[in-house]
Each structure stands twice: as structure tokens, then as C-alpha cells.
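Atoms considered below: every heavy atom in the structure, side chains included; atoms not considered: hydrogens, waters and symmetry mates. All values reported here derive from a predicted model rather than from experimental measurement.
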Amino acid sequence: MKRIEMGVSGGCQCGAVRYHATAMFDNSHLCHCRMCQKASGNIFAALVAAPDDALTWTRGKPSVWKSSELVERGFCANCGTPLFFHHLENGRTNLMIGSLDDPHAFSPLANTCTENMVGWFDKITGIENTGATESNGADWATAIKERNNQHPDHDTTSWAVRGHDG
């Protein structure tokens, strides 16, 4: 696994938890294990690792749940965004690619734990593409853009967490 010196930032949907890494590994992958399926609420978890020594939490701290004796998973307790998978003994934290400010930067290089891959996974690139939100629901897209509570895809010096009920 190759270490790449580069700056990467990301965080949760509400902005309560943000991170920055000064290096990444070239291990971007889709994990199909049942734990990752459950943790992401999806059919796979898209992950890429940052060396633990290069990762800092720049706003807030993630909540952590120990999903096994060797693994902990981090998420935002406020909005529920899954943020990472951390093996306690290998010195790296696999960040959820969707939590990165630029998820396009890390295209997956492998599928892992494929014994749990859903049977229709290899067909998803061939299904209908209904286009961008703006072209299929312009009014809805405009309303969301004007009144959403989502943190922007970049670091901010301050951010008031909105949409929190408690």
C-alpha cells in the first residue's frame, strides 16, 4: 500500500464533525461485508484510508462504536453520518469516501469481502440514469438548495449546526 502525501478534508452532513488528513493510502475500495453494509446502510461501504498519524479531527469528535474486538466505527452523533472504519491494530483509518469533500478523488480500486455482495451489484451501471436532480425536479432541487442544513463541501471557520432537535 502506497502512502501519498496530500491534503484531504471531509466531515459529516451537519458539519458538527470535520477532519483533515495530510496523507492518504492508495487503497480505495468497496467493502461488501455485512458489517459495512449495516454500518453504511447501503449495499457496500466505499472506503479509503488515511494513516492515523496524518488524520486530525478539526471540528468536534466522532462518536465511536466498537463493532468487533478489532474494529471501531465512527459517526456523527448529531446527524448520523457514517465517517470511518478503524482497525485498532493497523495504523490507518478507512474514511467513508462519501464523507470526503471531494469524493471524486478516490475511485475504488477493488471490491472486498465479496461473499456478501448483493447478486445484482454487477448490473447497477446498466440501469436507467434519470439525470441530474435539477433536470428531473427543478422546483424541489431549488427548494433544497435554498433551505438545506447540510454543511458545504469545504472547511469553514465557523458553522452553526442546524436542523438539530435536541
Side-chain angles (χ1 to χ4, degrees), residues 1-110 112-113 116 133 140-141 143-166:
M1 195 174 332
K2 181 180 171 190
R3 181 179 171 128
I4 305 161
E5 301 300 320
M6 63 185 297
V8 171
S9 61
C12 68
Q13 188 171 16
C14 75
V17 179
R18 298 279 301 159
Y19 60 81
H20 183 79
T22 56
M24 298 297 288
F25 286 117
D26 64 345
N27 77 325
S28 54
H29 63 284
L30 304 180
C31 182
H32 298 268
C33 81
R34 277 304 285 153
M35 284 185 150
C36 280
Q37 288 173 344
K38 292 276 193 168
S40 66
N42 208 325
I43 61 170
F44 59 80
L47 300 162
V48 64
D52 287 345
D53 65 3
L55 180 64
T56 56
W57 298 99
T58 59
R59 181 179 303 137
K61 295 284 184 205
S63 291
V64 175
W65 181 65
K66 197 170 179 184
S67 61
S68 72
E69 285 305 308
L70 294 175
V71 172
E72 61 185 12
R73 294 171 187 273
F75 60 95
C76 174
N78 186 55
C79 67
T81 302
L83 296 168
F84 67 81
F85 162 96
H86 180 238
H87 189 290
L88 298 171
E89 297 177 351
N90 69 8
R92 64 182 182 267
T93 298
N94 281 280
L95 301 167
M96 296 293 242
I97 291 175
S99 75
L100 297 170
D101 289 341
D102 182 11
H104 302 278
F106 296 96
S107 61
L109 303 172
T112 63
C113 302
N116 293 299
T133 305
W140 184 72
I144 288 174
K145 207 173 266 184
E146 290 173 356
R147 295 184 292 270
N148 78 72
N149 296 317
Q150 184 164 302
H151 187 274
D153 286 333
H154 56 82
D155 288 328
T156 55
T157 54
S158 64
W159 180 258
V161 176
R162 301 180 297 221
H164 187 277
D165 289 337

Going by heavy atoms in the side chains, are S99 and Y19 under 4.5 Å from each other?
-> yes

Considering residues at least two apart in sequence or located in another chain, which fulfil the side chain to side chain contact (heavy atoms under 4.5 Å, CB included) criterion with C79?
-> C12, Q13, C14, C76, T81

How would you list all residue pairs meeting salt bridge (charged side-chain N to carboxylate O under 4.0 Å, His left out) that involve residues 25-50, not counting sequence neighbours?
-> none

Kindly indicate whether the side chain of P51, heavy atoms from C-beta on, has any atom under 4.5 Å from the side chain of F25.
-> yes

What is the minimum heavy-atom distance between V17 and P62, and which atoms define it?
-> CG1-N, 3.9 Å

Between R59 and T156: side-chain donor-acceptor atoms closer than 3.5 Å = yes

If you round to the nearest 0.5 Å, how far is SG of C33 from CG of N116?
-> 7.0 Å

Would you sort out whether C36 and L47 count as a side chain to side chain contact (heavy atoms under 4.5 Å, CB included), showing the intermediate values?
-> CA-CA 10 Å; C36 280; L47 300 162; 4.3 Å; yes

Please name all residues satisfying salt bridge (charged side-chain N to carboxylate O under 4.0 Å, His left out) with D53, sequence neighbours left out, ordered by chain then number.
-> R3

Sequence neighbours left out, what passes side chain to side chain donor-acceptor pair (under 3.5 Å) with S67? Give chain and number order.
-> R73

Going by heavy atoms in the side chains, are N27 and R92 under 4.5 Å from each other?
-> yes

Is there side-chain contact between E89 and L70, with heavy atoms separated by less than 4.5 Å?
-> yes

Excluding sequence neighbours, so at least two apart, what forms side chain to side chain donor-acceptor pair (under 3.5 Å) with T22?
-> none

Mind listing the closest non-hydrogen atom pair of C31 and T112 along with its distance?
-> CA-OG1, 3.3 Å

Could you pull out all residues at least two apart from H32 that satisfy side chain to side chain donor-acceptor pair (under 3.5 Å)?
-> N111

Say you draw a straight line from CG of L83 to CG of L95; how long is it, rounded to the nearest 0.5 Å?
-> 8.0 Å

Counterpart residues, side chain to side chain contact (heavy atoms under 4.5 Å, CB included), relative to F106 (two or more places apart) = M6, V8, M24, S28, V48, I97, L100

Can you check whether R18 reaches D101 side chain to side chain, under 4.5 Å on heavy atoms?
-> yes

Please list all pairs passing the ring pair (Phe, Tyr, Trp, His ring centres under 6.0 Å) test where one or both residues lie in residues 77-105, with sequence neighbours left out.
-> W57-F84

Starting from the C-alpha separation in whole Å, work towards a yes-or-no answer on side chain to side chain contact (heavy atoms under 4.5 Å, CB included) for H29 and N94.
-> CA-CA 10 Å; H29 63 284; N94 281 280; 3.5 Å; yes

Who pairs with S40 by side chain to side chain contact (heavy atoms under 4.5 Å, CB included), at least two apart in sequence or on another chain?
-> N42, A45, M96

Check side chain to side chain donor-acceptor pair (under 3.5 Å) between T93 and all other residues, then give those that pass, not counting sequence neighbours.
-> D52

Would a distance-only check, ignoring hydrogens and angles, find a side-chain to backbone donor-acceptor pair under 3.5 Å from E5 to A23?
-> no

